[in-house]
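Each chain gets a letter, A, B and so on, in the order its sequence line appears, and its residues count up from 1. Computation of the quantities below employed the complete heavy-atom set of this structure, encompassing side-chain atoms and omitting hydrogens, waters and symmetry-equivalent molecules.
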Amino acid sequence: MPDDTTGSNAGSSNASTSNEGDEYQSVDFIRSRVEEDIAAGTYGGRVQTRFPPEPNGFLHIGHAKSIFLNFGIAEEYDGSCFLRFDDTNPETEDISYVAAIEEDLEWLGVTPSGPARFASDYFEQIYEWAESLIERGLAYVDDQDAETISTQRGGFGQPGIESPNRDQPAEEALGLFRQMRDGAFEDGARVLRARIDMQSDNMWLRDPVLYRIRRVPHHRTDDRWVIYPTYDWAHGQSDAIEGTTHSLCTLEFVDHRALYDWCLDHLDLPGDKPNQNEFARLNITHTVLSKRVLRSLVEGGHVDGWDDARMPTIRGMRRRGYPATAIRGFVDRIGVAKTNSTVEVELLESFVRTELNSSSLRRMGVLKPLKLVITNWPEGEVVMVDAINNPENPDAGTRQVPFSGELWIEQDDFMLDPPKKYFRLTPGREVRLRAGFFVTATEAITDDDGNVIEVRCTYDPETRGGQAPDGRKVKATMHWVSASHAVDADVHLYDRLFSDSHPGADGEDPLTSVNPDSRETVSAKLEPALADVEPGQVVQFERLGYFAADLDDAGTFHRTVGLRDEWANIQKRKK
RNA sequence: UCGGAGGUGGUGUAAUUGGUAACACAGCUGGUUCUGGUCCAGUCGUUGGGGGUUCAAGUCCUCCCCUCCGAGCCA
């Protein structure tokens with residue numbers, strides 16, 4: 001289904017509900033809003049969106065939802081989408097994140113319309129607008145401290161208290177504001193506040209702070225400014241300056257919309273007034289998408305870094321081997337709505353599997369090796385057998401794999417006392433070694449504790465290539481690697497980073513449900529062809545899953561995702 | 001306590017605007033198969049609750065319940 005990678009249909013997950021020939025297409029509430037605006041000629045039919053990250057961290061899959069929404073809408077409606085860095089708080093931001101975010105965007109396959117924009121590019125204009133507000137008695141300079149202002153704001157259902165500075169004459173306010181800009185006051189000594197309504201039910205309308213004093217060098221404007229606009233005083237203006245028509249953000253900003261509108265309604269805008277629409281942010285089971293918690297995972301050493309393969313960051317998923325197209329397919333599939341919801345990780349993984357199933361080469365690798373000795377194999381002989389590279393794609397061709405009398409097989413593929421429905425190797429049973437021969441187990445050698453350390457078998461020379469001339473069948477086909485030709489590699493196997501499906505949902509610290517066994521590293525034996533994979537390339541280890549060669553060290557693999565595993569389900573059910 | 005946004009299968013999203021509740025994932029049955037993969041077929045819901053309008057309600061009215069967000073000089 002999600003195999004349309006041509007981009008022609010990009011972004012529209014739209015389940016067509018058309019009954020014969022009917023062209024009806026269902027669209028989400030945001031797209032219908034866009035379509036209404038186009039139909040009504042609200043912006044002269046123009047559509048412009050933007051993706052506005054703050055450069056203070058790495059992008060994660062929650063951002064991907066917003067990215068594909070914004071860029072997708074621009075594509076679908078022949079509009080444009082800007083990348084704008086919302087850099088109004090120099091305390092937390094850093095230039096390095098700017099580059100990282102642009103890289104991640106590129107990897108995701110979206111292209112902003114033109115160069116990146118920065119809210120800081122608009123500081124002068126935004127400042128002038130503040131003065132215009134003051135001149136009209138719509139803003140004032142407050143010298144009360146943060147705690148006092150907060151207390152005066154009152155509470156839900158409680159009245160607010162007006163600041164003694166609220167009725168400050170415009171000339172005085174203007175003078176003070178200019179002094180703020182000129183650095184006459186200490187950090188935190190004064191703020192500029194909008195004069196709106198201290199009794200509003202909406203807390204964001206109780207005279208919100210527009211400017212604060214911060215003597216922190218900014219990554220772009222350096223020390224040119226000591227006052228910085230807040231999000232609310234910069235965001236809508238930036239949208240307006242750029243010509244944004246639809247400003248999409250997440251649900252926690254619904255209460256800000258009144259303020260967004262208030263600001264824009266009181267300014268002399270260069271063009272049409274953009275409108276803000278909110279959608280639910282993404283949640284995924286067994287996953288956390290809060291920047292704060294992600295940071296504590298990194299800082300607490302629970303993972304190796306922001307790009308650890310277990311992280312839900314774009315970089316992490318990239319290292320893990322998730323194709324960007326799978327991420328987009330997932331995002332398109334989950335849709336966009338106003339309901340707070342939590343998507344199952346399994347859905348994401350299914351998109352990863354579907355994509356990788358058609359694109360990845362098949363290889364053999366043994367994760368937990370057990371020696372298999374073929375007792376009737378001609379001493380020292382090696383034959384090259386032909387193996388299919390990708391049954392989903394005949395054009396991928398075949399490869400030669402060396403087969404010999406001493407092989408590695410998977411420990412799970414042999415059992416002395418097998419349970420019912422176990423189809424694999426067991427004493428006396430014949431199985432197929434993929435692309436090789438039929439073998440029959442004759443003897444198991446155990447150590448003093450009774451663990452099987454080697455299996456002996458005989459092979460049928462007539463079955464070369466995996467077919468018996470007499471047509472007899474086997475119940476299992478197993479992967480293998482010739483011992484003397486095996487390539488050694490470290491392979492990371494991953495389990496959920498959080499054991500709890502909804503980490504932190506019970507009010508607990510999400511870190512308490514971090515899975516201590518989220519990564520298991522094994523020394524695997526791989527077929528020779530696996531020495532040649534490119535960094536970042538994902539291949540299927542047959543019967544085991546998809547594995548990505550590490551970006552920095554191609555001799556290390558990450559299990560991207562396992563294959564669907566019927567046998568595992570059968571065992572799970574028994575427990 | 002006040003304001004706002006929401007509630008459709010195990011999960012997410014739909015339902016041509018009042019007309020047979022659909023698609024995908026997960027699960028389960030069975031079939032196919034040189035991957036217990038892929039693929040194919042089948043199966044899984046009285047739309048948060050009550051009442052009302054109507055030939056007909058997930059969609060309209062009404063009362064109730066539940067969940068989430070909001071009192072940063074963060075975004």
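Residue contacts shown for A:Arg214 include a base, since a base heavy atom lies under 4.0 Å away. No contact: A:Lys291 has no heavy atom under 4.0 Å from any strand. Within the nucleic acid shown, A:Arg193 has no heavy atom closer than 4.0 Å to any nucleic acid atom. Contacts of A:Arg434 with the nucleic acid, taken as non-hydrogen atoms under 4.0 Å apart, include base atoms. Among the atoms of the strands shown, base atoms are found under 4.0 Å from some heavy atom of A:Gln540. Note on A:Gln144: a base of the nucleic acid sits closer than 4.0 angstrom, heavy atoms only. Contact annotation for A:Arg153: backbone-only contact, meaning every heavy-atom pair under 4.0 Å involves sugar-phosphate atoms and none involves a base. Nucleic acid contact class of A:Pro391 (heavy atoms, under 4.0 Å, all strands): base. Using a 4.0 Å heavy-atom distance criterion, A:His256 is classed as a base contact. Within the nucleic acid shown, A:Asp255 comes within 4.0 Å of at least one base atom, counting heavy atoms only.
The one candidate from A:Tyr459, A:Trp408, A:Trp480 that meets the ring pair (Phe, Tyr, Trp, His ring centres under 6.0 Å) condition with A:Phe403 is A:Trp480.
For B:G42, the paired base is B:C28 (Watson-Crick or G-U wobble, both distances below 3.5 Å). Pairing of B:A22, defined by two Watson-Crick or G-U wobble distances under 3.5 Å, is identified with B:U13. Pair check for B:C2 finds B:G70; Watson-Crick or G-U wobble, both atom distances under 3.5 Å. Nucleotide B:G36 forms no Watson-Crick or G-U wobble pair with any nucleotide shown, as no partner meets the under 3.5 Å limit on both distances.
Closest to the A:Asn340 side chain, of the nucleotides B:C68, B:C73, B:U35, is B:C68. In this structure, of B:C69, B:A75, B:G36, it is B:A75 that holds the atom nearest to the side chain of A:Asp86. Taking every side-chain heavy atom of A:Arg333 into account, B:G12 is the closest of B:U13, B:G36, B:G12. Distances from the side chain of A:Ile570 to the nucleotides B:G36, B:C25, B:C74 place B:G36 closest. Closest to the A:Asn569 side chain, of the nucleotides B:C28, B:A24, B:C73, is B:C28. With B:A5, B:U35, B:G37 as the choices, the nucleotide that has an atom nearest any side-chain atom of A:Leu251 turns out to be B:A5.
Rounded to the nearest Å, the gap between the C1' atom of B:A21 and that of B:U8 is 9 Å. Taking the P atom of each, B:C61 and B:G7 are spaced 15 Å apart, rounded to whole Å. Separation of the C1' atoms belonging to B:A57 and B:G19 is 10 Å when rounded to the nearest angstrom. Rounded to the nearest Å, the gap between the P atom of B:U1 and that of B:C65 is 11 Å. Separating the P atom of B:G27 from that of B:U38 is a span of 10 Å, rounded to the nearest Å. Of the C1' atoms belonging to B:U32 and B:C40, the separation is 7 Å, rounded to the nearest Å. The separation of B:A24 from B:A15, taken at their C1' atoms, amounts to 15 Å, rounded to a whole angstrom. Separating the P atom of B:C73 from that of B:G50 is a span of 45 Å, rounded to the nearest Å.
Between A:Glu542 and A:Arg363 there is no salt bridge, since no side-chain nitrogen of the basic residue lies less than 4.0 Å from a carboxylate oxygen of the acidic one. Taking the charged nitrogens against the carboxylate oxygens, A:Glu252 and A:Arg281 do have a contact shorter than 4.0 Å, which makes a salt bridge. Between A:Arg190 and A:Asp142 there is no salt bridge, since no side-chain N of the basic residue sits under 4.0 Å from a carboxylate O of the acidic one. Using a cut-off of 4.0 Å between Lys/Arg side-chain N and Asp/Glu carboxylate O, A:Arg257 and A:Asp232 are scored as not salt-bridged.
Centre separation under 5.5 Å together with a plane angle under 30° does not hold for the ring of A:Phe156 and the six-membered base ring of B:A71, so they are not marked as stacked. A:Tyr231 does not qualify as a stacking partner of the B:A75 base, lacking a centre-to-centre distance under 5.5 Å together with planes within 30°.
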Carefully, step by step, assess A:Asn202 and A:Ser200 under the rule side-chain hydrogen bond (donor to acceptor under 3.5 Å, both in side chains).
CA-CA 5 Å; A:Asn202 184 339; A:Ser200 175; 5.5 Å; no

Stepwise side-chain hydrogen bond (donor to acceptor under 3.5 Å, both in side chains) test for A:Ser247 and A:Gln276
CA-CA 5 Å; A:Ser247 181; A:Gln276 174 181 309; 5.4 Å; no

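Interface remark: the A:Glu252 side chain does not form any donor-acceptor pair with the B:G70 base, using a distance-only criterion of under 3.5 Å. For A:Glu346 and B:U11, a side-chain-to-base donor-acceptor distance below 3.5 Å is absent, hydrogens and geometry of angles not being considered. Donor-acceptor pairing under 3.5 Å, judged by distance alone, is present between the side chain of A:Glu392 and the base of B:G37. Within 3.5 Å, no donor on the side chain of A:Arg564 pairs with an acceptor on the base of B:G36, nor the reverse.
Checking A:Asp201 against A:Tyr422, the closest nucleotide of RNA chain B that is more toward the 5' end is the one next to A:Asp201.
With its glycosidic angle within 90° of 0, B:G72 is assigned syn.
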